Enquirer: 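Below is a structure I'd like to ask you about.
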Amino acid sequence: MPAFKSDFLRTLSERGFIHQISDEAGLDALMAKETVTAYIGFDPTAPSLHAGGLIQIMMLHWLQQTGHRPVALMGGGTGMVGDPSFKEEARQLMTLETIASNIDSIKRVFSRYLTFGDGPRDAIMVDNGDWLRGLNYLDFLRDVGRYFSVNRMLSFDSVKLRLDRQQSLSFLEFNYMILQAYDFVELNRRHGVRLQMGGSDQWGNIVNGIDLGHRLGTPQLYALTSPLLTTASGAKMGKSLSGAVWLNPDMLSAYDFWQYWRNTEDADVERFLRLYTTLPLAEIARLAALGGAEINEAKKVLATEVTAMLHGRADAEAAAETARKTFEEGALAESLPTVELPAAEVEAGIGVLSLFVRAGLAASNGEARRHVQGGAVRVNDQAVYDDKRVVGSGDVTADGVVKLSLGKKKHILVRPV
(Lines give C-alpha, C1' and ligand atoms only; values in the text may rest on other atoms or scores of the structure.)
Protein backbone atom coordinates (compact mmCIF):
# COMPACT_ATOMS: atom_id res chain seq x y z
CA MET A 1 0.00 0.00 0.00
CA PRO A 2 1.55 3.35 -1.02
CA ALA A 3 2.39 5.79 1.80
CA PHE A 4 0.19 8.69 0.69
CA LYS A 5 0.80 12.14 2.16
CA SER A 6 -2.73 13.45 1.54
CA ASP A 7 -5.55 12.52 3.90
CA PHE A 8 -7.87 11.82 0.99
CA LEU A 9 -5.75 9.27 -0.85
CA ARG A 10 -4.64 7.68 2.40
CA THR A 11 -8.25 7.27 3.50
CA LEU A 12 -9.34 5.85 0.16
CA SER A 13 -6.40 3.48 0.09
CA GLU A 14 -7.02 2.20 3.62
CA ARG A 15 -10.68 1.61 2.91
CA GLY A 16 -10.22 -0.16 -0.43
CA PHE A 17 -11.57 2.44 -2.85
CA ILE A 18 -8.59 2.70 -5.21
CA HIS A 19 -8.24 0.67 -8.39
CA GLN A 20 -6.13 2.98 -10.58
CA ILE A 21 -4.66 6.49 -10.40
CA SER A 22 -3.24 8.24 -13.45
CA ASP A 23 -0.34 9.89 -11.57
CA GLU A 24 -0.20 8.82 -7.92
CA ALA A 25 2.69 11.06 -6.87
CA GLY A 26 1.38 14.12 -8.70
CA LEU A 27 -2.18 13.82 -7.40
CA ASP A 28 -1.00 13.06 -3.85
CA ALA A 29 1.25 16.12 -3.80
CA LEU A 30 -1.54 18.33 -5.16
CA MET A 31 -4.08 17.12 -2.60
CA ALA A 32 -1.59 17.47 0.25
CA LYS A 33 -0.98 21.17 -0.43
CA GLU A 34 -4.29 22.62 -1.67
CA THR A 35 -8.06 22.19 -1.82
CA VAL A 36 -8.82 20.09 -4.89
CA THR A 37 -12.13 20.06 -6.75
CA ALA A 38 -13.10 16.63 -8.10
CA TYR A 39 -16.16 15.23 -9.81
CA ILE A 40 -18.07 12.06 -10.56
CA GLY A 41 -20.73 11.87 -13.26
CA PHE A 42 -24.12 10.21 -12.77
CA ASP A 43 -26.30 9.38 -15.76
CA PRO A 44 -30.04 9.73 -15.06
CA THR A 45 -31.14 6.36 -16.49
CA ALA A 46 -33.75 5.87 -13.72
CA PRO A 47 -35.52 8.01 -11.08
CA SER A 48 -33.05 6.74 -8.48
CA LEU A 49 -29.50 5.49 -8.22
CA HIS A 50 -29.13 2.03 -6.70
CA ALA A 51 -26.73 0.56 -4.16
CA GLY A 52 -24.21 -0.23 -6.90
CA GLY A 53 -23.56 3.51 -7.25
CA LEU A 54 -23.12 4.08 -3.52
CA ILE A 55 -19.37 3.54 -3.69
CA GLN A 56 -19.08 6.61 -5.94
CA ILE A 57 -21.15 8.75 -3.57
CA MET A 58 -18.98 7.59 -0.66
CA MET A 59 -15.87 8.68 -2.58
CA LEU A 60 -17.33 12.17 -2.86
CA HIS A 61 -18.23 12.02 0.85
CA TRP A 62 -14.64 11.22 1.86
CA LEU A 63 -13.33 13.88 -0.56
CA GLN A 64 -15.28 16.52 1.34
CA GLN A 65 -14.49 15.06 4.77
CA THR A 66 -10.76 15.33 4.03
CA GLY A 67 -10.96 19.00 3.06
CA HIS A 68 -11.70 19.05 -0.68
CA ARG A 69 -14.62 20.12 -2.88
CA PRO A 70 -16.91 17.54 -4.51
CA VAL A 71 -18.88 18.07 -7.70
CA ALA A 72 -21.79 15.78 -8.50
CA LEU A 73 -22.33 15.99 -12.25
CA MET A 74 -25.79 15.11 -13.53
CA GLY A 75 -25.83 13.80 -17.10
CA GLY A 76 -28.62 15.91 -18.54
CA GLY A 77 -26.67 16.06 -21.81
CA THR A 78 -24.85 12.71 -21.92
CA GLY A 79 -28.04 11.01 -20.74
CA MET A 80 -29.46 11.76 -24.19
CA VAL A 81 -26.79 9.45 -25.64
CA GLY A 82 -26.23 6.77 -23.01
CA ASP A 83 -22.89 5.36 -21.87
CA PRO A 84 -22.03 2.25 -23.95
CA SER A 85 -19.20 1.15 -21.63
CA PHE A 86 -19.33 -2.65 -21.26
CA LYS A 87 -23.03 -2.71 -22.24
CA GLU A 88 -24.20 -5.50 -24.53
CA GLU A 89 -26.64 -3.27 -26.37
CA ALA A 90 -27.61 0.36 -26.73
CA ARG A 91 -29.58 1.97 -23.91
CA GLN A 92 -33.15 2.99 -24.61
CA LEU A 93 -33.17 6.67 -25.55
CA MET A 94 -34.96 8.91 -23.06
CA THR A 95 -37.00 12.04 -23.69
CA LEU A 96 -35.83 15.37 -22.28
CA GLU A 97 -38.81 15.29 -19.90
CA THR A 98 -37.81 11.87 -18.54
CA ILE A 99 -34.19 12.97 -18.10
CA ALA A 100 -35.24 16.12 -16.22
CA SER A 101 -37.63 14.15 -14.02
CA ASN A 102 -34.99 11.53 -13.21
CA ILE A 103 -32.40 14.20 -12.31
CA ASP A 104 -34.84 15.94 -9.95
CA SER A 105 -35.53 12.62 -8.27
CA ILE A 106 -31.88 11.50 -8.03
CA LYS A 107 -30.74 14.81 -6.48
CA ARG A 108 -32.53 14.16 -3.21
CA VAL A 109 -30.13 11.46 -2.04
CA PHE A 110 -26.90 13.48 -2.28
CA SER A 111 -27.66 15.84 0.61
CA ARG A 112 -27.44 12.81 2.93
CA TYR A 113 -23.77 12.39 2.07
CA LEU A 114 -22.56 15.86 1.07
CA THR A 115 -22.82 19.40 2.44
CA PHE A 116 -23.90 21.78 -0.32
CA GLY A 117 -23.33 25.52 -0.28
CA ASP A 118 -21.17 28.40 -1.51
CA GLY A 119 -18.08 27.81 0.65
CA PRO A 120 -14.70 26.76 -0.78
CA ARG A 121 -15.24 23.13 0.24
CA ASP A 122 -19.01 22.95 -0.16
CA ALA A 123 -20.32 20.49 -2.71
CA ILE A 124 -21.99 21.66 -5.89
CA MET A 125 -24.26 19.86 -8.32
CA VAL A 126 -24.14 20.70 -12.01
CA ASP A 127 -25.80 19.42 -15.17
CA ASN A 128 -23.74 18.83 -18.33
CA GLY A 129 -26.83 19.60 -20.37
CA ASP A 130 -26.06 23.26 -19.59
CA TRP A 131 -23.11 23.20 -22.01
CA LEU A 132 -23.60 20.11 -24.18
CA ARG A 133 -27.08 20.87 -25.49
CA GLY A 134 -26.04 24.22 -26.90
CA LEU A 135 -22.96 23.03 -28.80
CA ASN A 136 -22.66 23.79 -32.48
CA TYR A 137 -21.96 20.44 -34.16
CA LEU A 138 -19.51 21.68 -36.79
CA ASP A 139 -17.59 23.84 -34.34
CA PHE A 140 -17.40 20.94 -31.88
CA LEU A 141 -16.10 18.56 -34.57
CA ARG A 142 -13.43 21.03 -35.62
CA ASP A 143 -12.37 22.23 -32.15
CA VAL A 144 -12.66 19.00 -30.15
CA GLY A 145 -13.34 16.01 -32.41
CA ARG A 146 -10.08 16.42 -34.30
CA TYR A 147 -8.11 15.39 -31.22
CA PHE A 148 -9.68 11.92 -31.01
CA SER A 149 -8.12 8.95 -32.78
CA VAL A 150 -10.68 6.39 -33.93
CA ASN A 151 -7.91 3.77 -33.87
CA ARG A 152 -7.30 4.49 -30.19
CA MET A 153 -11.00 4.59 -29.34
CA LEU A 154 -11.44 1.17 -30.94
CA SER A 155 -8.69 -0.18 -28.67
CA PHE A 156 -10.59 0.54 -25.43
CA ASP A 157 -11.90 -2.58 -23.71
CA SER A 158 -15.37 -1.06 -23.38
CA VAL A 159 -15.60 -0.81 -27.17
CA LYS A 160 -13.59 -3.92 -28.11
CA LEU A 161 -15.77 -6.25 -26.05
CA ARG A 162 -18.88 -5.01 -27.81
CA LEU A 163 -17.35 -5.35 -31.28
CA ASP A 164 -15.73 -8.73 -30.53
CA ARG A 165 -19.18 -10.06 -29.73
CA GLN A 166 -20.37 -8.62 -33.04
CA GLN A 167 -22.88 -6.42 -31.21
CA SER A 168 -23.77 -3.16 -32.89
CA LEU A 169 -22.19 0.04 -31.57
CA SER A 170 -23.96 3.09 -32.94
CA PHE A 171 -22.22 6.32 -33.93
CA LEU A 172 -24.36 8.01 -31.28
CA GLU A 173 -22.82 5.83 -28.54
CA PHE A 174 -19.35 6.17 -30.01
CA ASN A 175 -19.62 9.90 -29.35
CA TYR A 176 -20.26 9.38 -25.63
CA MET A 177 -16.57 9.17 -24.74
CA ILE A 178 -15.89 12.42 -26.60
CA LEU A 179 -18.66 14.17 -24.68
CA GLN A 180 -17.39 12.81 -21.35
CA ALA A 181 -13.86 13.97 -22.15
CA TYR A 182 -15.22 17.41 -23.01
CA ASP A 183 -17.11 17.49 -19.68
CA PHE A 184 -13.81 17.16 -17.83
CA VAL A 185 -12.32 20.11 -19.71
CA GLU A 186 -15.47 22.22 -19.32
CA LEU A 187 -15.65 21.50 -15.58
CA ASN A 188 -12.05 22.58 -15.23
CA ARG A 189 -12.82 25.83 -17.02
CA ARG A 190 -16.01 26.53 -15.05
CA HIS A 191 -15.18 25.18 -11.59
CA GLY A 192 -11.45 24.45 -11.48
CA VAL A 193 -11.98 20.65 -11.42
CA ARG A 194 -8.65 18.77 -11.46
CA LEU A 195 -9.73 15.19 -10.75
CA GLN A 196 -12.37 12.89 -12.23
CA MET A 197 -13.34 9.75 -10.35
CA GLY A 198 -15.49 6.79 -11.34
CA GLY A 199 -15.71 3.02 -11.57
CA SER A 200 -12.89 1.12 -13.27
CA ASP A 201 -15.05 0.75 -16.40
CA GLN A 202 -14.66 4.53 -16.86
CA TRP A 203 -10.85 4.54 -17.03
CA GLY A 204 -10.63 4.96 -20.80
CA ASN A 205 -13.21 7.74 -20.84
CA ILE A 206 -11.48 9.62 -18.02
CA VAL A 207 -8.02 9.32 -19.57
CA ASN A 208 -9.49 10.71 -22.80
CA GLY A 209 -10.48 13.79 -20.80
CA ILE A 210 -6.96 14.17 -19.42
CA ASP A 211 -5.51 13.98 -22.95
CA LEU A 212 -8.05 16.47 -24.29
CA GLY A 213 -7.29 18.86 -21.45
CA HIS A 214 -3.59 18.66 -22.24
CA ARG A 215 -4.29 19.54 -25.88
CA LEU A 216 -6.65 22.38 -24.97
CA GLY A 217 -4.35 23.97 -22.39
CA THR A 218 -5.85 23.03 -19.02
CA PRO A 219 -3.63 22.45 -15.98
CA GLN A 220 -2.67 18.79 -15.41
CA LEU A 221 -5.81 16.72 -14.86
CA TYR A 222 -6.01 13.44 -12.96
CA ALA A 223 -7.97 10.17 -12.94
CA LEU A 224 -8.89 7.89 -10.05
CA THR A 225 -11.06 4.78 -10.40
CA SER A 226 -12.59 2.40 -7.88
CA PRO A 227 -12.89 -1.36 -8.38
CA LEU A 228 -16.11 -2.63 -9.92
CA LEU A 229 -17.69 -4.48 -7.03
CA THR A 230 -19.39 -7.83 -6.95
CA THR A 231 -20.33 -9.83 -3.87
CA ALA A 232 -18.16 -12.76 -2.76
CA SER A 233 -20.44 -15.12 -4.70
CA GLY A 234 -20.14 -13.00 -7.87
CA ALA A 235 -23.50 -11.21 -7.74
CA LYS A 236 -23.64 -7.64 -8.99
CA MET A 237 -23.78 -4.97 -6.28
CA GLY A 238 -27.09 -3.17 -6.02
CA LYS A 239 -29.17 -6.12 -7.21
CA SER A 240 -31.28 -8.39 -5.03
CA LEU A 241 -33.59 -11.29 -5.78
CA SER A 242 -36.53 -8.87 -5.91
CA GLY A 243 -34.79 -6.30 -8.14
CA ALA A 244 -32.65 -3.18 -7.82
CA VAL A 245 -31.76 -1.91 -4.35
CA TRP A 246 -32.82 1.70 -4.90
CA LEU A 247 -31.48 4.59 -2.82
CA ASN A 248 -34.58 6.79 -3.01
CA PRO A 249 -36.85 6.12 -0.01
CA ASP A 250 -40.01 6.29 -2.15
CA MET A 251 -38.70 3.38 -4.25
CA LEU A 252 -37.35 1.18 -1.43
CA SER A 253 -38.20 1.39 2.27
CA ALA A 254 -35.60 1.83 4.99
CA TYR A 255 -36.51 -1.65 6.26
CA ASP A 256 -35.91 -3.34 2.88
CA PHE A 257 -32.68 -1.37 2.45
CA TRP A 258 -31.54 -2.49 5.92
CA GLN A 259 -32.39 -6.10 5.08
CA TYR A 260 -30.29 -5.99 1.91
CA TRP A 261 -27.18 -5.14 3.94
CA ARG A 262 -28.11 -7.52 6.77
CA ASN A 263 -28.05 -10.32 4.20
CA THR A 264 -24.42 -9.58 3.25
CA GLU A 265 -22.32 -12.69 2.74
CA ASP A 266 -19.84 -13.43 5.56
CA ALA A 267 -16.84 -12.92 3.27
CA ASP A 268 -17.99 -9.39 2.34
CA VAL A 269 -18.64 -7.95 5.81
CA GLU A 270 -15.24 -6.33 6.44
CA ARG A 271 -14.92 -4.98 2.90
CA PHE A 272 -18.41 -3.46 2.99
CA LEU A 273 -17.84 -1.93 6.43
CA ARG A 274 -14.75 -0.18 5.02
CA LEU A 275 -16.45 1.03 1.84
CA TYR A 276 -19.97 1.88 2.94
CA THR A 277 -19.69 3.11 6.54
CA THR A 278 -17.69 5.80 8.31
CA LEU A 279 -16.85 3.59 11.30
CA PRO A 280 -13.22 3.86 12.47
CA LEU A 281 -10.94 1.21 11.01
CA ALA A 282 -10.17 -0.17 14.48
CA GLU A 283 -13.86 -0.80 15.10
CA ILE A 284 -14.21 -2.41 11.67
CA ALA A 285 -11.29 -4.71 12.48
CA ARG A 286 -12.98 -5.70 15.75
CA LEU A 287 -16.27 -6.49 13.99
CA ALA A 288 -14.50 -8.37 11.21
CA ALA A 289 -12.79 -10.60 13.77
CA LEU A 290 -16.11 -11.93 15.04
CA GLY A 291 -16.56 -15.57 14.12
CA GLY A 292 -19.34 -18.10 13.90
CA ALA A 293 -22.82 -16.83 14.70
CA GLU A 294 -21.34 -13.57 16.05
CA ILE A 295 -20.68 -12.42 12.48
CA ASN A 296 -24.43 -11.72 12.36
CA GLU A 297 -23.90 -8.94 14.91
CA ALA A 298 -21.37 -7.37 12.54
CA LYS A 299 -23.90 -7.62 9.72
CA LYS A 300 -26.51 -5.82 11.82
CA VAL A 301 -24.01 -3.03 12.54
CA LEU A 302 -23.23 -2.81 8.81
CA ALA A 303 -26.93 -2.65 7.90
CA THR A 304 -27.71 -0.03 10.54
CA GLU A 305 -24.73 2.21 9.72
CA VAL A 306 -25.32 2.15 5.94
CA THR A 307 -29.06 2.74 6.41
CA ALA A 308 -28.44 5.58 8.89
CA MET A 309 -26.37 7.51 6.35
CA LEU A 310 -29.12 7.28 3.73
CA HIS A 311 -32.37 7.27 5.73
CA GLY A 312 -31.30 8.82 9.04
CA ARG A 313 -30.39 7.21 12.36
CA ALA A 314 -33.99 6.99 13.63
CA ASP A 315 -35.26 5.08 10.57
CA ALA A 316 -32.20 2.79 10.62
CA GLU A 317 -32.71 1.88 14.26
CA ALA A 318 -36.45 1.39 13.68
CA ALA A 319 -35.63 -1.01 10.83
CA ALA A 320 -33.21 -2.92 13.08
CA GLU A 321 -35.84 -3.13 15.82
CA THR A 322 -38.49 -4.30 13.36
CA ALA A 323 -36.16 -7.05 12.22
CA ARG A 324 -35.36 -8.02 15.81
CA LYS A 325 -39.04 -8.30 16.74
CA THR A 326 -39.89 -10.18 13.57
CA PHE A 327 -37.04 -12.68 13.65
CA GLU A 328 -36.08 -12.97 17.31
CA GLU A 329 -39.46 -12.57 19.01
CA GLY A 330 -41.71 -13.75 16.23
CA ALA A 331 -43.86 -10.67 16.83
CA LEU A 332 -45.91 -8.89 14.20
CA ALA A 333 -44.04 -5.62 13.76
CA GLU A 334 -46.32 -2.87 12.49
CA SER A 335 -43.39 -1.16 10.78
CA LEU A 336 -42.98 -4.01 8.28
CA PRO A 337 -43.56 -2.94 4.66
CA THR A 338 -47.29 -2.76 3.98
CA VAL A 339 -49.34 -3.22 0.81
CA GLU A 340 -52.94 -2.03 0.77
CA LEU A 341 -55.60 -3.98 -1.16
CA PRO A 342 -59.32 -3.29 -1.57
CA ALA A 343 -61.20 -4.96 1.27
CA ALA A 344 -63.71 -6.35 -1.24
CA GLU A 345 -60.94 -8.32 -2.98
CA VAL A 346 -59.76 -9.82 0.26
CA GLU A 347 -63.36 -10.60 1.23
CA ALA A 348 -63.86 -12.44 -2.06
CA GLY A 349 -60.57 -14.29 -1.66
CA ILE A 350 -57.27 -14.00 -3.59
CA GLY A 351 -55.16 -16.91 -4.79
CA VAL A 352 -51.88 -17.12 -2.85
CA LEU A 353 -49.80 -17.01 -6.04
CA SER A 354 -51.50 -13.85 -7.26
CA LEU A 355 -51.26 -12.29 -3.80
CA PHE A 356 -47.51 -12.83 -3.57
CA VAL A 357 -47.10 -11.20 -7.00
CA ARG A 358 -49.29 -8.25 -5.97
CA ALA A 359 -47.24 -7.85 -2.80
CA GLY A 360 -43.99 -7.76 -4.78
CA LEU A 361 -42.61 -10.96 -3.26
CA ALA A 362 -42.61 -12.75 -6.62
CA ALA A 363 -42.32 -11.53 -10.20
CA SER A 364 -44.86 -14.00 -11.62
CA ASN A 365 -47.29 -16.75 -10.66
CA GLY A 366 -44.73 -19.27 -11.91
CA GLU A 367 -42.06 -17.90 -9.59
CA ALA A 368 -44.52 -17.85 -6.67
CA ARG A 369 -45.48 -21.47 -7.41
CA ARG A 370 -41.82 -22.50 -7.29
CA HIS A 371 -41.50 -20.81 -3.89
CA VAL A 372 -44.56 -22.72 -2.64
CA GLN A 373 -43.12 -25.99 -3.92
CA GLY A 374 -39.83 -25.18 -2.20
CA GLY A 375 -41.55 -24.59 1.14
CA ALA A 376 -40.56 -20.92 1.29
CA VAL A 377 -44.08 -19.41 1.44
CA ARG A 378 -45.93 -18.64 4.68
CA VAL A 379 -49.18 -16.84 5.45
CA ASN A 380 -49.42 -15.57 9.01
CA ASP A 381 -46.33 -17.66 9.82
CA GLN A 382 -48.04 -20.86 8.63
CA ALA A 383 -46.33 -22.73 5.79
CA VAL A 384 -48.27 -22.98 2.53
CA TYR A 385 -47.80 -26.13 0.44
CA ASP A 386 -50.91 -25.84 -1.75
CA ASP A 387 -50.41 -23.43 -4.67
CA LYS A 388 -54.22 -23.19 -5.01
CA ARG A 389 -54.60 -21.84 -1.48
CA VAL A 390 -56.95 -18.84 -1.30
CA VAL A 391 -56.29 -16.02 1.14
CA GLY A 392 -59.46 -14.35 2.37
CA SER A 393 -61.07 -12.43 5.22
CA GLY A 394 -60.56 -15.38 7.55
CA ASP A 395 -56.82 -14.81 7.30
CA VAL A 396 -56.99 -11.19 8.48
CA THR A 397 -55.50 -11.03 11.98
CA ALA A 398 -56.75 -9.04 14.95
CA ASP A 399 -54.28 -6.36 13.87
CA GLY A 400 -56.22 -5.98 10.61
CA VAL A 401 -53.52 -7.40 8.35
CA VAL A 402 -52.35 -10.58 6.64
CA LYS A 403 -48.65 -11.32 7.07
CA LEU A 404 -46.93 -12.79 4.00
CA SER A 405 -43.45 -14.28 4.33
CA LEU A 406 -40.99 -15.53 1.73
CA GLY A 407 -38.19 -17.47 3.38
CA LYS A 408 -36.95 -16.19 6.72
CA LYS A 409 -36.20 -12.60 5.83
CA LYS A 410 -38.85 -11.21 3.48
CA HIS A 411 -42.11 -10.13 5.08
CA ILE A 412 -45.00 -7.96 3.84
CA LEU A 413 -48.20 -6.96 5.59
CA VAL A 414 -51.33 -6.89 3.42
CA ARG A 415 -53.88 -4.46 4.80
CA PRO A 416 -57.47 -4.50 3.45
CA VAL A 417 -58.79 -0.95 3.03
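Just so you know, residue 1 is the first one in the sequence shown, and it goes up from there. Because the structure is predicted, anything quoted here is derived from the model rather than measured.
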Enquirer: Would you find a donor on one side and an acceptor on the other, under 3.5 Å apart, between the side chain of Q20 and the backbone of W203?
Expert: no
Enquirer: Could you tell me whether a side-chain N or O of R121 sits under 3.5 Å from a main-chain N or O of G67, the two making a donor and an acceptor?
Expert: yes
Enquirer: For the side chain of R358 and the backbone of V339, is there at least one donor-acceptor N/O pair under 3.5 Å apart?
Expert: no
Enquirer: Hey, what do you get for CH2 (W261) to CG (L310), rounding to the nearest 0.5 Å?
Expert: 10.0 Å
Enquirer: Tell me which pairs pass side chain to side chain donor-acceptor pair (under 3.5 Å) where either residue lies in residues 52-68, with sequence neighbours left out.
Expert: Q56-S226
Enquirer: Could you tell me whether H371 and F356 have their ring centroids closer than 6.0 angstrom?
Expert: no
Enquirer: Please check if the side chain of H50 supplies one atom and the backbone of G52 the other of a donor-acceptor pair under 3.5 Å.
Expert: yes
Enquirer: Taking atom CG of L221 and atom CD1 of I210, what is their separation to the nearest 0.5 Å?
Expert: 6.5 Å
Enquirer: Under 3.5 Å, side chain of N263 to main-chain N/O of Q259, donor-acceptor pair present?
Expert: yes
Enquirer: Please check: side-chain N/O of S101 versus main-chain N/O of E97, any donor-acceptor pairing under 3.5 Å?
Expert: no
Enquirer: Under 3.5 Å, is there a donor-acceptor pair between the side chain of D127 and the main chain of G76?
Expert: yes
Enquirer: Are Q202 and Q196 close enough that a side-chain donor and a side-chain acceptor fall under 3.5 Å?
Expert: no
Enquirer: Donor-acceptor pair, R69 side chain versus V36 backbone, under 3.5 Å?
Expert: no
Enquirer: Judged by atom type as modelled, is there a donor-acceptor pair below 3.5 Å linking the side chain of R194 to the main-chain atoms of Q220?
Expert: yes
Enquirer: I'd like to know if the side chain of R10 and the backbone of K5 have a donor-acceptor N/O pair within less than 3.5 Å.
Expert: yes
Enquirer: Holding to side-chain contact (heavy atoms from CB on, under 4.5 Å), I want the full list of residues that pass it with R215, two or more places apart in sequence or in another chain.
Expert: Y147
Enquirer: Assess the residue pair D250 and R108 against the criterion (salt bridge (Lys or Arg N to Asp or Glu O under 4.0 Å)); give the C-alpha distance rounded to whole Å, side-chain angles, the decisive distance to 0.1 Å, and a yes or no.
Expert: CA-CA 11 Å; D250 58 337; R108 287 176 277 165; 3.7 Å; yes
Enquirer: Can a donor-acceptor pair be found between the side chains of N248 and S105 at a distance below 3.5 Å?
Expert: yes
Enquirer: Mind checking the CG-CG spacing from D395 to N380? Nearest 0.5 Å is all I need.
Expert: 6.0 Å
Enquirer: Decide side-chain hydrogen bond (donor to acceptor under 3.5 Å, both in side chains) for W258 and D315; before the verdict, give the C-alpha distance in whole Å, the side-chain angles of both, and the deciding distance to 0.1 Å.
Expert: CA-CA 10 Å; W258 189 94; D315 283 356; over 6 Å; no
Enquirer: Who pairs with V301 by side-chain contact (heavy atoms from CB on, under 4.5 Å), at least two apart in sequence or on another chain?
Expert: L279, L287, E305
Enquirer: What's the separation between atom NE2 in H411 and atom NZ in K403, rounded to the nearest 0.5 Å?
Expert: 5.0 Å
Enquirer: With a 4.0 Å cut-off on N to O distance, would you call D266 and K299 a salt bridge?
Expert: yes
Enquirer: Among side-chain atoms of T115 and D122, is any donor-acceptor pair under 3.5 angstrom?
Expert: no
Enquirer: Can you list the steps and then say if D268 with T231 is a side-chain hydrogen bond (donor to acceptor under 3.5 Å, both in side chains)?
Expert: CA-CA 7 Å; D268 288 326; T231 65; 4.6 Å; no
